[in-house]
Amino acid sequence: MGGDSFYIMIDLFVTACGIYIIAQYLFMVRTKELRQNMLIPKETRVEHCKDVQGYIQTMATKQLVFGIATTVCGAITLVQDLMGDYNLYVSMAAMVIFLVLCIWYGRASKKAIEKFW
């Protein structure tokens, strides 16, 4: 773990974030509740949500897609770093997909918050 340890740490973090997003999705759809730490901005208080079920219905699938994609993108680059089999095109594709999905999810979340709060 020489110079690549920084990249391994970043890839582990992204993969762990993806798993966290999926776990929050599972909590949300199973309990039909929102928690403040569920990818909702800090200034947006969950107790002020006008329609919790509407928000969950709107965001659940998007959150699951975002969580799976984040996990997969992080895992792809993590495996490359750990195996020492680095492919620039694969890494760049994973990074672009991840960034596009971050923007997509952020916009969807902002719209849902405007609608349900």
Side-chain angles (χ1 to χ4, degrees):
M1 270 202 191
D4 294 332
S5 62
F6 176 75
Y7 296 110
I8 291 170
M9 295 279 288
I10 298 260
D11 296 336
L12 275 171
F13 179 74
V14 170
T15 305
C17 286
I19 292 167
Y20 176 79
I21 293 166
I22 294 168
Q24 292 302 319
Y25 159 82
L26 292 171
F27 174 84
M28 182 172 66
V29 297
R30 286 187 178 153
T31 66
K32 306 290 187 212
E33 296 175 13
L34 298 177
R35 286 196 275 187
Q36 193 61 46
N37 59 350
M38 297 182 72
L39 301 178
I40 297 171
K42 285 183 180 183
E43 66 275 1
T44 306
R45 305 299 306 163
V46 295
E47 59 270 7
H48 297 147
C49 183
K50 295 182 283 186
D51 182 4
V52 171
Q53 297 314 307
Y55 178 82
I56 291 171
Q57 186 176 9
T58 299
M59 292 304 295
T61 302
K62 292 174 178 79
Q63 187 167 332
L64 180 61
V65 168
F66 184 51
I68 290 170
T70 300
T71 304
V72 169
C73 289
I76 286 171
T77 53
L78 178 62
V79 167
Q80 282 193 74
D81 289 341
L82 291 173
M83 301 297 281
D85 187 25
Y86 185 77
N87 182 316
L88 178 64
Y89 299 112
V90 172
S91 291
M92 292 304 285
M95 187 183 319
V96 167
I97 290 168
F98 174 69
L99 291 175
V100 166
L101 285 170
C102 282
I103 293 166
W104 167 76
Y105 186 83
R107 286 183 170 180
S109 178
K110 184 177 179 181
K111 279 183 176 179
I113 288 169
E114 288 171 358
K115 181 177 180 178
F116 295 106
W117 264 264

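Just so it is clear, the values below take in all heavy atoms, side chains as well, and ignore hydrogens, waters and symmetry mates.
Across every non-hydrogen atom of Cys17 and Thr70, the tightest pair is C-CG2, 4.4 Å. Nearest heavy atoms, Ala94 versus Cys73: O-SG, 3.4 Å. Contact between Met28 and Leu34 at its shortest, heavy atoms only, is SD-CD2, 3.8 Å.
Legend: side-chain hydrogen bond (donor to acceptor under 3.5 Å, both in side chains) pairs involving residues 87-99, not counting sequence neighbours, sorted by first then second residue: Gln80-Ser91.
To the nearest 0.5 angstrom, Ile97 atom CD1 is 11.5 Å from Met92 atom CE. A distance of 11.0 Å separates OG1 in Thr71 from CD1 in Ile76, rounded to the nearest 0.5 Å.
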Check: residues 8-15 side-chain donor-acceptor pairs under 3.5 Å, at least two apart:
residue	atom	partner	partner atom	Å
Asp11	OD1	Thr77	OG1	3.0
Thr15	OG1	Asp11	O	2.8
Thr15	OG1	Gly74	O	3.3
Thr15	OG1	Ala75	N	3.2

Distance-only criterion, 3.5 Å: show the donor-acceptor pairs between side-chain atoms of residues 106-116 and protein atoms not counting sequence neighbours.
none

I'd like a table of donor-acceptor pairs (distance under 3.5 Å, sequence neighbours excluded) in which one partner is a side-chain atom from residues 40-50, with atom names and distances.
residue	atom	partner	partner atom	Å
Arg45	NE	Glu47	OE2	3.2
Lys50	NZ	Trp117	O	3.3

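Looking at residues two or more places apart in sequence or on another chain, you find no ring pair (Phe, Tyr, Trp, His ring centres under 6.0 Å) involving Phe98. Qualifying side chain to side chain contact (heavy atoms under 4.5 Å, CB included) partners for Val79, counting only residues two or more places apart in sequence or in other chains: Met83. The side chain to side chain contact (heavy atoms under 4.5 Å, CB included) search around Leu26 returns Ile22, Arg30, not counting sequence neighbours. The ring pair (Phe, Tyr, Trp, His ring centres under 6.0 Å) search around Phe66 returns Tyr105, not counting sequence neighbours. Shown here are the side chain to side chain contact (heavy atoms under 4.5 Å, CB included) partners of Arg35, two or more places apart in sequence or in another chain: Gln24, Phe27, Asn37, Met38.
Cluster partners of Val100 are Val96, counting Ile, Leu, Val, Met, Phe, Trp and Tyr whose side-chain heavy atoms approach within less than 4.5 Å, directly or via other members.
Linking Ile, Leu, Val, Met, Phe, Trp and Tyr whenever their side-chain heavy atoms come within less than 4.5 Å puts Val29 and Leu64 in one cluster. Cluster annotation: Tyr20 is not connected to Ile68 through the hydrophobic network of ILVMFWY side chains, with a link wherever side-chain heavy atoms come within less than 4.5 Å.
Between Val52 and Tyr55 the shortest side-chain heavy-atom distance does not fall below 4.5 Å.
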